[in-house]
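Working notes for the structure below.
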Amino acid sequence: MAERIWDKFLTARDKEVFKLAGYGARAGFGKRPALLIVDVNYAFCGDKREPLLESVKRWRQSGGEAAWDALPVLQNLIGTARDREVPVIYTTGVRRSDNWDAGSWAWKNERSGEKPGASNRDGNEIMPQIAPEPRDVVIYKQKPSAFHGTNLIGYLTLLGCDSVIVAGTATSGCVRATVVDAFSYNLRVTMVEDGCFERSEASHAMTLCDMNAKYADVIESSEVIEFLSGLPRGMYNLPRGASQKAAE
């Protein structure tokens, strides 16, 4: 079996426990998935490709080079999903200008509310390389999970989805919280390994390990794209989008 990204962080005992306990079984794709892109915005990517430790000085949540490596992967995933008319759902943050609604976020980070240095970009703006199109859905959230306090589960119900394919950031934070909540709603969950990123190598790897053990199938984008490419068009009642509405 090929080595996984988390193997170097596991002891021999850990590996044996996972094996004996039966963790990591493959759940498989659902029949009606949605592609969920979590928080791939300037706050988590920065406004240019630069070394992580430099990017974090200006964008405290930046994933540095890992974020920019993931963007082409996400472009391919999103392009395939749109071609097959599979729902593409984005999440990003929303905050009052005075940062009052940061709430508990402010308790665990000394730089909470800080504006990025030498940039006029809104941190919550989704990266232009993967910008939403009129038929896509954007969810605005204030806590880690895409489900917390949002319309996401209602939209998935409206679309008749039985599963989600999740990519984005941060692997150990908002992605993890979203995956666990999706699992809790009895949705089948796939995580795109090379489409997830964050600033901590160990946290990234061990979160993928935990998710693959219990809550999701963690697989490469190539396999996800192959699956999406085989889906028939016309399965979903997607938003008509601004262009269709304007043409009426």
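Residues take their numbers from the sequence shown, with the count starting at 1.
- Panel note: side chain R111, backbone K57; a donor-acceptor pair is recorded below 3.5 Å.
- Of the possible donor and acceptor atoms, one in the side chain of E65 sits under 3.5 Å from a partner among the backbone N and O of L52.
- Counting only heavy atoms from C-beta outward, the side chains of Y236 and R32 approach each other to under 4.5 Å.
- If you chain together hydrophobic residues whose side chains sit under 4.5 Å apart, V56 and L71 never meet in one group.
- Taken together through direct or relayed side-chain contacts under 4.5 Å among Ile, Leu, Val, Met, Phe, Trp and Tyr, W100 and V94 form parts of separate hydrophobic clusters.
- Using modelled atom types, no side-chain atom of Y23 and backbone atom of V17 make a donor-acceptor pair closer than 3.5 Å.
- Within 6.0 Å of atom CD in E125, more than 12 heavy atoms from other residues, nucleotides or ligands are found, so the atom counts as buried in its surroundings.
- For L20, the CG atom counts as densely surrounded, since its 6.0 Å shell holds more than 12 non-hydrogen atoms of other residues, nucleotides or ligands.
- Tested against V73 for a side-chain contact (heavy atoms from CB on, under 4.5 Å), the candidates I130, I78, D194 yield a single pass: D194.
- E85 places a side-chain N or O within donor-acceptor distance of the main-chain N or O of G234, the cut-off being under 3.5 Å.
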Stepwise side-chain contact (heavy atoms from CB on, under 4.5 Å) test for L77 and L74: CA-CA 5 Å; L77 284 166; L74 299 177; 4.2 Å; yes
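- No side-chain donor-acceptor contact under 3.5 Å links R188 to the backbone of G30.
- At least one side-chain heavy atom of V175 sits less than 4.5 Å from a side-chain heavy atom of M191.
- Nearest heavy atom pair, residue A102 against residue S112, reads CB-OG, 4.3 Å.
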Determine all donor-acceptor pairs shorter than 3.5 Å in which one atom belongs to a side chain in residues 222-230; sequence neighbours excluded.
{"from": "E223", "atom 1": "OE2", "to": "R26", "atom 2": "NH2", "distance (Å)": "2.5"}
{"from": "S229", "atom 1": "OG", "to": "I225", "atom 2": "O", "distance (Å)": "2.7"}

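- Remark: S200 pairs with E198, A202, S203 by the side chain to side chain contact (heavy atoms under 4.5 Å, CB included) rule, at least two apart or across chains.
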Stepwise side-chain contact (heavy atoms from CB on, under 4.5 Å) check, K143 with S104: CA-CA 9 Å; K143 297 301 180 186; S104 50; 3.0 Å; yes
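- Nearest heavy atoms, T207 versus S172: OG1-CB, 3.1 Å.
- I165 and L158 end up in different hydrophobic clusters when Ile, Leu, Val, Met, Phe, Trp and Tyr side chains are linked at under 4.5 Å.
- Heavy atoms of other residues, nucleotides or ligands lying less than 6.0 angstrom from NZ of K31 number 12 at most.
- D181 and S145 are linked by a side-chain donor-acceptor pair at a separation below 3.5 angstrom, with hydrogens and angles left out of the test.
- Within 6.0 Å of CG on N237 lie no more than 12 heavy atoms contributed by other residues, nucleotides or ligands.
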E114 and W59: CA distance, side-chain angles, deciding distance, side-chain contact (heavy atoms from CB on, under 4.5 Å) verdict: CA-CA 9 Å; E114 176 183 292; W59 302 87; over 6 Å; no
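- Between the side chain of N109 and the backbone N or O of A106, no donor-acceptor pair lies under 3.5 Å.
- The closest side-chain heavy-atom distance from V137 to Y90 is not below 4.5 Å.
- Distance alone, capped at 3.5 Å, is enough to place a donor-acceptor pair between the R84 side chain and the L231 backbone.
- For F9, the CZ atom is densely surrounded, since the number of other residues' heavy atoms within 6.0 Å is greater than 12.
- Nearest heavy atoms, D162 versus P33: OD1-N, 4.1 Å.
- A side chain to side chain donor-acceptor pair (under 3.5 Å) with D39 holds for exactly one of T92, T91, T178, N124; it is T91.
- Considering CD1 of I139 and OG1 of T150, their distance stands at 5.0 Å, rounded to 0.5 Å.
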Verdict with reasoning, E3 to K8, per salt bridge (Lys or Arg N to Asp or Glu O under 4.0 Å): CA-CA 9 Å; E3 183 172 288; K8 65 181 179 180; over 6 Å; no
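- Here the SG atom belonging to C196 is positioned 6.5 Å from the CG atom belonging to L208, to the nearest 0.5 angstrom.
- Under the 3.5 Å distance criterion, the side-chain polar atoms of W105 are matched with a main-chain donor or acceptor of Q142.
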From CA spacing to verdict: side-chain contact (heavy atoms from CB on, under 4.5 Å), N212, W6: CA-CA 10 Å; N212 188 68; W6 53 78; 3.7 Å; yes
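- The backbone N or O of P51 sits nowhere less than 3.5 Å from a side-chain atom of S55 that would complete a donor-acceptor pair.
- A side-chain N or O of T11 and one of D14 form a donor-acceptor pair less than 3.5 Å apart.
- Without hydrogens or angle criteria, N41 side chain to F44 main chain gives a donor-acceptor distance under 3.5 Å.
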